[in-house]
Amino acid sequence: MDYVSALLPPVVMAVFFIGLIVTIVKSQGGPNKGKEDAAVDAALARTEAARQRPTTGQV
């Protein structure tokens, strides 16, 4: 009976971990994917514009 108590915590953690991974995979995409992609693209564009902006007057 000791082997059951020894194996129970890892098995429970594995089940919860698998459930977490499944939830993450299922939540990818969906109806909000376009909005999320647009927000990331806008943030990247702002970063690129700030990086390529010429710096004048600095020595």
Side-chain angles (χ1 to χ4, degrees):
M1 212 51 196
D2 287 338
Y3 63 89
V4 173
S5 62
L7 290 177
L8 188 62
V11 170
V12 170
M13 289 191 320
V15 168
F16 281 120
F17 182 72
I18 291 169
L20 176 67
I21 297 301
V22 168
T23 303
I24 290 171
V25 169
K26 284 186 177 182
S27 68
Q28 299 299 309
N32 291 329
K33 185 173 181 2
K35 287 170 44 178
E36 293 170 357
D37 288 346
V40 170
D41 289 341
L44 289 175
R46 284 192 304 267
T47 304
E48 279 296 316
R51 188 181 315 168
Q52 293 178 357
R53 192 174 302 145
T55 56
T56 57
Q58 294 182 354
V59 177

- Task: Please list, chain by chain and in numerical order, all residues satisfying side chain to side chain contact (heavy atoms under 4.5 Å, CB included) with E48, sequence neighbours excluded.
- Result: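 Counting only residues at least two positions away or on another chain, E48 forms a side chain to side chain contact (heavy atoms under 4.5 Å, CB included) with R51, Q52.
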- Message: Once side-chain hydrogen bond (donor to acceptor under 3.5 Å, both in side chains) is applied, do any residues pair with D41, and if so which ones, sequence neighbours excluded?
- Response: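 Result, side-chain hydrogen bond (donor to acceptor under 3.5 Å, both in side chains) vs D41: none returned.
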Report all side-chain donor-acceptor pairs from residues 2-18 shorter than 3.5 Å, counting only partners two or more places apart or in another chain.
unit_1, atom_1, unit_2, atom_2, d
S5, OG, D2, O, 2.9

